[in-house]
Engineer: 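Below: one structure in structure tokens.
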Amino acid sequence: MTRRLGVAAAQMGPIARTDSRQSCVVRMSEMMREAHAKGAKVVVFPELALTSFFPRWHIEDEEELDTFYETEMPNAAVCPLFDLAAALGVGFYLGYAELVHEAGGGKRRFNTSILVNGEGAIVGKYRKVHLPGHAEHESWRPFQHLEKAYFEPGDLGFPVFEAFDGKMGMCICNDRRWPETYRVMGLQGVELVMLGYNTPAHNPPVPEHDHLMWFHNHLSMQAGAYQNGNWVVGVAKAGREEGCDLIGQSAIVAPTGEIVAMAQGVGDEVVVVDCDLERCDEIRRQIFDFALHRQPQHYGLIAAAKA
């Protein structure tokens with residue numbers, strides 16, 4: 001028995017600070033058409049796919065900062081992508097910065113992704129839990145990584161959604177490095193985890209790790225796939241963006257942990273795999289049968305509060 005889903009990893013090249021959302025949507029629409037022509041039923045775009053990676057800049061003007069966020073989804077700039085998805089019958093994952101205006105004038109900011117089905121309807125939302133970087137301006141850095149200043153940790157957990165005849169999950173960038181991300185979804189029976197990332201090739205606090213950035217990228221996704229018996233689709237915004245090099249290596253990983261397809265460059269590129277969701281059972285029955293082999297009584301320390 002097979003249950004196949006055509007999945008596209010739609011890697012994007014750099015987005016300049018001056019690039020409009022409309023220009024990004026045009027690029028994504030072109031990739032969606034290509035993915036559809038290759039048999040894809042769902043397209044995975046990167047983290048923060050509508051703007052440049054703005055946490056690299058120290059932005060003191062709140063009005064300027066607000067311009068990088070979306071207050072509703074879909075909005076006028078992004079509607080053409082939703083309309084195209086409905087016309088083609090292709091769903092997608094989209095990462096963006098979300099601004100929530102609360103009653104009383106308060107603001108909440110999240111690094112967010114949504115899952116859209118083949119009818120152009122939003123069927124899932126995720127907000128990034130594991131925020132990397134720092135909260136204060138650090139002038140010694142060649143570029144900033146102010147995610148802790150510009151976002152708050154996600155408040156939706158790691159939900160799993162019934163869509164595309166399977167169980168879909170989402171995470172974002174740094175989440176992929178944390179085993180708990182995959183395990184919480186794995187315990188819900190997730191079959192395909194979609195994630196976008198914007199990962200610098202240089203890490204100023206530990207430059208001795210720079211040569212490992214590409215290795216760690218795939219290591220974390222392959223481990224998450226194998227240890228939980230699910231597909232993982234990791235998609236980059238890549239290339240030299242505003243003077244900062246971002247890694248590529250967008251990849252589709254099988255439940256066995258094998259990379260079955262990978263982007264070859266650091267520009268806009270579409271990679272499609274016909275993923276058999278039934279393959280998840282190969283691992284879940286034979287290797288990691290959670291019901292049979294887990295010993296959660298010994299895992300309490302993992303979720304214990306900080307000392």
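Keep in mind that the numbers below use all heavy atoms, side chains included, and drop hydrogens, waters and symmetry copies.
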Engineer: Check Arg27 with Glu34, please: is the shortest side-chain N to carboxylate O separation under 4.0 Å?
Structural biologist: no
Engineer: Checking the side chain of Asn203 only, and the main-chain atoms of Asp210 only, is there a donor and an acceptor separated by less than 3.5 Å?
Structural biologist: no
Engineer: Let me confirm one number: the CE-CD distance from Met185 to Gln188, rounded to the nearest 0.5 Å.
Structural biologist: 8.5 Å
Engineer: Is it the case that over 12 heavy atoms from other parts of the model lie below 6.0 angstrom from the CD atom of Glu102?
Structural biologist: yes
Engineer: Would you check if the side chain of His218 reaches a backbone N or O of Gln249 as a donor-acceptor pair within less than 3.5 Å?
Structural biologist: yes
Engineer: Could you pull out all donor-acceptor pairs under 3.5 Å where a side-chain atom in residues 287-305 meets a protein atom, sequence neighbours excluded?
Structural biologist:
residue: Asp289; atom: OD1; partner: Ala291; partner atom: N; Å: 3.2
residue: Asp289; atom: OD1; partner: Leu292; partner atom: N; Å: 3.1
residue: Gln295; atom: OE1; partner: Gln297; partner atom: NE2; Å: 2.7
residue: Tyr299; atom: OH; partner: Gln295; partner atom: N; Å: 3.0

Engineer: Considering all heavy atoms of both residues, which atom of Val235 and which atom of Ala10 are nearest to each other, and what is their separation?
Structural biologist: CG1-O, 3.3 Å
Engineer: Starting from the C-alpha separation in whole Å, work towards a yes-or-no answer on salt bridge (Lys or Arg N to Asp or Glu O under 4.0 Å) for Glu30 and Arg33.
Structural biologist: CA-CA 5 Å; Glu30 291 174 355; Arg33 292 187 183 92; over 6 Å; no
Engineer: Can you name the closest pair of heavy atoms from Ile172 and Lys128 and give their distance?
Structural biologist: O-CE, 3.5 Å
Engineer: Hey, what's the ring geometry for Phe45 with Phe92, parallel, tilted or perpendicular (30° and 60° as the breaks)?
Structural biologist: perpendicular
Engineer: Output all residues satisfying ring-ring contact (aromatic ring centres under 6.0 Å, His included) with Phe54, sequence neighbours left out; order by chain, then residue number.
Structural biologist: Phe68, Tyr69, Tyr150, Phe151
Engineer: With His202, which residues qualify under ring-ring contact (aromatic ring centres under 6.0 Å, His included), at least two apart?
Structural biologist: none
Engineer: I'd like to know if Glu241 pairs up with Arg56 as an ion pair, taking the criterion as any Lys NZ or Arg NE/NH1/NH2 lying under 4.0 Å from an Asp or Glu carboxylate oxygen.
Structural biologist: yes
Engineer: Val129 and Thr181: side chain to side chain contact (heavy atoms under 4.5 Å, CB included), yes or no, with the steps?
Structural biologist: CA-CA 9 Å; Val129 169; Thr181 297; over 6 Å; no
Engineer: Compute whether any side-chain donor of one residue and acceptor of the other, for Gln11 and Asp268, lie under 3.5 angstrom apart.
Structural biologist: no
Engineer: Linking I/L/V/M/F/W/Y whenever any side-chain heavy atoms sit under 4.5 Å apart, do Ile15 and Phe53 land together?
Structural biologist: no
Engineer: Please tabulate, for side-chain N and O atoms in residues 154-161, each donor-acceptor pair with protein atoms closer than 3.5 Å (sequence neighbours left out).
Structural biologist:
residue: Asp155; atom: OD1; partner: Arg127; partner atom: NH1; Å: 2.9
residue: Asp155; atom: OD2; partner: Arg108; partner atom: NH1; Å: 3.4
residue: Asp155; atom: OD2; partner: Arg127; partner atom: NH1; Å: 3.4

Engineer: Can you tell me how far CD of Gln144 sits from SG of Cys244, rounded to the nearest 0.5 angstrom?
Structural biologist: 11.5 Å
Engineer: With rounding to the nearest 0.5 Å, note down the distance linking CZ in Arg17 to OG1 in Thr51.
Structural biologist: 10.5 Å
Engineer: What are the two closest heavy atoms between Pro204 and Pro142, and how far apart are they?
Structural biologist: CG-CD, 3.9 Å
Engineer: If I compare all heavy atoms of Ala135 with all of Ala149, which pair ends up nearest, and what's the gap?
Structural biologist: O-CB, 3.3 Å
Engineer: State plainly whether one hydrophobic cluster holds both Val193 and Phe164, where clusters connect Ile, Leu, Val, Met, Phe, Trp and Tyr through side-chain heavy atoms under 4.5 angstrom apart.
Structural biologist: yes
Engineer: List the steps, then state whether side chain to side chain contact (heavy atoms under 4.5 Å, CB included) holds for Val266 with Leu246.
Structural biologist: CA-CA 8 Å; Val266 290; Leu246 302 175; over 6 Å; no
Engineer: I'd like to know if Arg4 pairs up with Asp165 as an ion pair, taking the criterion as any Lys NZ or Arg NE/NH1/NH2 lying under 4.0 Å from an Asp or Glu carboxylate oxygen.
Structural biologist: no
Engineer: With rounding to the nearest 0.5 Å, note down the distance linking CD1 in Ile283 to OH in Tyr226.
Structural biologist: 6.0 Å
Engineer: A quick test of your reading: do over 12 heavy atoms of other residues, nucleotides or ligands sit less than 6.0 Å from CD of Glu136?
Structural biologist: no
Engineer: With rounding to the nearest 0.5 angstrom, report the CG to SG distance, Leu195 to Cys173.
Structural biologist: 8.5 Å
Engineer: Do Val7 and Tyr182 belong together in a cluster built from hydrophobic side chains that touch within less than 4.5 Å?
Structural biologist: yes
Engineer: Check whether any side-chain heavy atom of Met221 lies under 4.5 Å from a side-chain heavy atom of Asn217, and answer yes or no.
Structural biologist: yes
Engineer: What are the two closest non-hydrogen atoms of Leu88 and Met32, and how far apart are they?
Structural biologist: CD1-CG, 4.0 Å
Engineer: With a 3.5 Å distance limit and no angle check, can you tell me whether Asn228 reaches the backbone of Gly224 through a side-chain donor-acceptor pair?
Structural biologist: yes
Engineer: Above 12 or not: heavy atoms from other molecules or residues under 6.0 Å from CH2 of Trp57?
Structural biologist: yes
Engineer: I'd like to know if Arg3 and Glu191 make a salt bridge, using a cut-off of under 4.0 Å between side-chain N and carboxylate O.
Structural biologist: yes
Engineer: Between Lys38 and Asp274, is a salt bridge (Lys or Arg N to Asp or Glu O under 4.0 Å) present by the stated rule, with each step listed?
Structural biologist: CA-CA 10 Å; Lys38 293 179 177 178; Asp274 190 24; over 6 Å; no
Engineer: Scan side-chain atoms only and decide if Asn111 and Tyr96 contain a donor-acceptor pair under the 3.5 Å cut-off.
Structural biologist: no
Engineer: My understanding is that only residues two or more places apart in sequence, or in another chain, count here; which of them pass ring-ring contact (aromatic ring centres under 6.0 Å, His included) with His134?
Structural biologist: none
Engineer: Check step by step if side chain to side chain contact (heavy atoms under 4.5 Å, CB included) holds for Asp66 and Arg109.
Structural biologist: CA-CA 9 Å; Asp66 285 352; Arg109 303 176 188 272; 2.7 Å; yes
Engineer: Strictly below 4.0 Å, N to O, side chains only: are Glu278 and Arg284 in salt-bridge contact?
Structural biologist: no
Engineer: Evaluate the criterion side chain to side chain contact (heavy atoms under 4.5 Å, CB included) for residue pair Met12 and Met31; output intermediate values, then yes/no.
Structural biologist: CA-CA 9 Å; Met12 296 181 72; Met31 288 191 283; 3.5 Å; yes
Engineer: Ser23 side chain to Asp19 main-chain N or O, any donor-acceptor pair under 3.5 Å?
Structural biologist: no
Engineer: If you round to the nearest 0.5 Å, how far is CE of Met73 from OG of Ser113?
Structural biologist: 11.0 Å
Engineer: Is there a donor-acceptor pair under 3.5 Å between the side chain of Glu47 and the backbone N or O of Gly95?
Structural biologist: no
Engineer: Looking only at non-hydrogen atoms, find the nearest pair between Pro153 and Leu131 and report the distance.
Structural biologist: N-CD1, 3.5 Å
Engineer: For the backbone of Gly265 and the side chain of Glu269, can you confirm whether one donor and one acceptor N or O come within less than 3.5 Å of each other?
Structural biologist: yes
Engineer: Does any pair with a residue in residues 168-186 pass salt bridge (Lys or Arg N to Asp or Glu O under 4.0 Å), and if so which ones, sequence neighbours excluded?
Structural biologist: none
Engineer: Any heavy-atom pair between the side chains of Asn75 and Glu72 that's under 4.5 Å?
Structural biologist: yes
Engineer: Same cluster or not: Trp231 versus Val272, using hydrophobic residues (I, L, V, M, F, W, Y) connected whenever any side-chain heavy atoms lie under 4.5 Å apart?
Structural biologist: no
Engineer: Do the side chains of Met168 and Val253 join up, straight or via other hydrophobic residues, at under 4.5 Å, putting them in one cluster?
Structural biologist: yes
Engineer: Are the side chain of Tyr93 and the backbone of Gly196 linked by a donor-acceptor contact shorter than 3.5 Å?
Structural biologist: yes
Engineer: Might you work through the side chain to side chain donor-acceptor pair (under 3.5 Å) test for Asn174 and Tyr197, ending with a clear yes or no?
Structural biologist: CA-CA 8 Å; Asn174 191 47; Tyr197 57 92; over 6 Å; no
Engineer: Does this structure show an ion pair linking Glu282 with Arg279, if we count only N-O contacts that are shorter than 4.0 Å?
Structural biologist: yes
